[in-house]
Amino acid sequence: MTTMTETSARFREFKMPDVGEGLTEAEILKWFVQPGDTVTDGQVVCEVETAKAAVELPIPFDGVVHELRFPEGTTVDVGQVIIAIDVAPGSGDAPAPAAAPVQEPAAEPEAEAEPKGRTPVLVGYGVAESSTKRRPRKGAAAAPEAAAVAAAVQAELNGHGAPAAPTPAPAVPVQGGRPLAKPPVRKLAKDLGIDLATVVPTGKDGIITREDVHAAAAPAAPEAPAAVASPVAPAPAVAEAPAVVSDSARETRIPVKGVRKAIAQAMVGSAFTAPHVTEFVTVDVTRTMKLVAELKEDRDMAGVRVNPLLVIAKALLVAIKRNPEVNAAWDEANQEIVQKHYVNLGIAAATPRGLIVPNIKDAHDKTLPQLAEALGELVTTARDGKTSPAAMAGGTVTITNVGVFGVDTGTPILNPGESAILAVGAIKLQPWVHKGKVKPRQVTTLALSFDHRLVDGELGSKVLADVAAILEQPKRLITWA
């Protein structure tokens, strides 16, 4: 689909594209340009977060930024115009922007009229109702009194003592009955559960800034010891204030959106759709650990990261080759089991935006050095927050390495559309019976969860037993391959 419209020979508009598989909306995380900036074809202008990943959007033409239609933090429907570009600057007076630029400090009106009609989105997805509705604002709290109490408590906890006579907090400037703040700051306050009427502004002309909101939300409990050590005795007003401070100190509310929201929905859907079965096996991986050490010194593996996960991934691929029926999916609509003749191996990765599962495409065809290189790239990209939606689509089987957290094992939940997931526990030195004697050996516990609709107990047990056998005797990577 095209993501731009041509409003005239001079101005062109860029729409929010569908950067995933049928996504309907994305949140603008950050703008990299502002009105007046010159942009070139292919230049990244903003970063957005979808239900699958954070993605950078490049502009498809040259020109000068005329208008940003939405501020950072706004969730925008696919198909809505997000930026207008002047592709022929200097050819005449430009018309005034249709909407105020993002950096304008003017306060929002109390409520916005809902646009008439509906906004077209992608071909095949119909049309979407406009999402620019606002909920009516709740009644404002008594701002001066609340701000005064909060200021007194903060001063005492910081060890500065209380003034001899309470000084009233400055009144919060308001316009049209509401405090002054930019739209992104209002959204931040909403996300943190802060009433702007209780925030003391420090910005120019009495505008509330991001720092003001964070200061109002910051818990004061860690500073308490300094207050206790202070020679100034607590004022009576402080004893009455915990109800104001404790609300922010005792709990934090985090909006569930983007990747985290998608993860939550997917896991609930998987847990209550696919009948999970989990089996466990504890195995001596001493020989595997020796192999890892040898591979690190091998010249053929130079330049790639070698670790136990690499050998475990290869072991799982060999086990799937020996038991191909496990690599399948359940087609509910057609009541069919879909056998996959390829393995897109998912690797669960913890990132600041939540747990994501990118996968290595056609992992079954890769040599050990190629698999090591793919694993390294996958992990690096995930940690940098650059994993694309395409990299997370089409997985067939997944590995989750809970051992990196020192955990022995777990009961992993299947990724939707996949048949099995292998959890790898911590590898620890433990007493183990080896050749008739108790010796210290490197031991780990594996857990395999599978969809019992298409993988019965026998098949699941064979796969898990094969993985364990390979890790106990890594030479089977050659004899079974």
Side-chain angles (χ1 to χ4, degrees), residues 278-298 300-301 304-324 326-327 343 345-348 360 363-364 366-372 374-376 378-379 396-412 419-450 455 458-481:
T278 305
E279 295 186 339
F280 308 88
V281 64
T282 302
V283 58
D284 176 3
V285 294
T286 305
R287 291 187 178 90
T288 288
M289 298 304 291
K290 290 181 180 179
L291 174 61
V292 169
E294 293 172 358
L295 289 174
K296 288 181 179 180
E297 304 298 326
D298 195 306
D300 291 335
M301 302 297 289
V304 296
R305 185 178 180 184
V306 178
N307 54 25
L309 180 60
L310 171 62
V311 181
I312 294 167
K314 192 64 175 178
L316 179 58
L317 292 171
V318 172
I320 293 172
K321 182 179 180 180
R322 287 168 53 85
N323 305 275
V326 75
N327 190 42
V343 180
L345 182 62
I347 304 294
I360 301 172
H364 63 289
K366 297 187 181 298
T367 64
L368 197 63
Q370 291 172 339
L371 188 61
L375 276 172
L378 179 149
V379 172
T396 60
V397 176
T398 290
I399 295 177
T400 177
N401 186 9
V402 298
V404 295
F405 305 108
V407 176
D408 290 334
T409 190
T411 55
S419 59
I421 179 170
L422 177 70
V424 182
I427 298 175
K428 300 178 179 179
L429 195 63
Q430 297 182 19
W432 193 263
V433 177
H434 177 68
K435 296 181 179 179
K437 295 182 180 179
V438 177
K439 296 182 179 181
R441 305 286 287 181
Q442 298 285 349
V443 177
T444 190
T445 299
L446 307 175
L448 183 72
S449 291
F450 49 87
V455 180
E458 180 185 11
L459 177 58
S461 299
K462 286 181 177 179
V463 172
L464 184 59
D466 280 355
V467 174
I470 293 171
L471 296 181
E472 186 174 17
Q473 294 283 354
K475 66 182 181 182
R476 293 189 172 107
L477 286 173
I478 300 173
T479 58
W480 287 1

Identify all side-chain donor-acceptor contacts of residues 469-481 below 3.5 Å with residues at least two apart in sequence or on another chain.
residue : atom : partner : partner atom : Å
R476    : NH1  : A469    : O            : 2.8

task: Scan for salt bridge (charged side-chain N to carboxylate O under 4.0 Å, His left out) pairs involving residues 305-316, sequence neighbours excluded, and state none if there are none.
output: none
- prompt: Is there a side-chain contact between S419 and V397 (heavy atoms, below 4.5 Å)?
  reply: yes
query: With side chains defined as the heavy atoms from C-beta onward, is the minimum distance between D466 and V318 less than 4.5 Å?
result: no
Considering all heavy atoms, the nearest A363-L317 contact: O-CD1, 3.6 Å
Interatomic distance, L316 atom CG to I399 atom CD1 [nearest 0.5 angstrom]: 5.0 Å
query: Roughly how far, to the nearest 0.5 Å, is OG1 of T398 from CG of L345?
result: 7.0 Å
query: Considering all heavy atoms of both residues, which atom of A447 and which atom of T409 are nearest to each other, and what is their separation?
result: CB-OG1, 3.3 Å
- prompt: What distance do L368 atom CG and L310 atom CG have between them, rounded to the nearest 0.5 Å?
  reply: 4.5 Å
query: Taking only residues two or more places apart in sequence, or in another chain, which ones meet S449 in a side-chain contact (heavy atoms from CB on, under 4.5 Å)?
result: T278, P412, I421
message: Holding to salt bridge (charged side-chain N to carboxylate O under 4.0 Å, His left out), I want the full list of residues that pass it with D408, two or more places apart in sequence or in another chain.
response: K428
In residues 431-444, what donor-acceptor pairs under 3.5 Å come from side-chain atoms, sequence neighbours left out?
residue : atom : partner : partner atom : Å
R441    : NE   : D284    : OD2          : 2.8
R441    : NE   : T286    : OG1          : 3.4
R441    : NH2  : D284    : OD2          : 3.2
T444    : OG1  : G425    : O            : 2.9
T444    : OG1  : A426    : O            : 3.3

query: Quick one: salt bridge (charged side-chain N to carboxylate O under 4.0 Å, His left out) partners of E458, sequence neighbours excluded?
result: K462
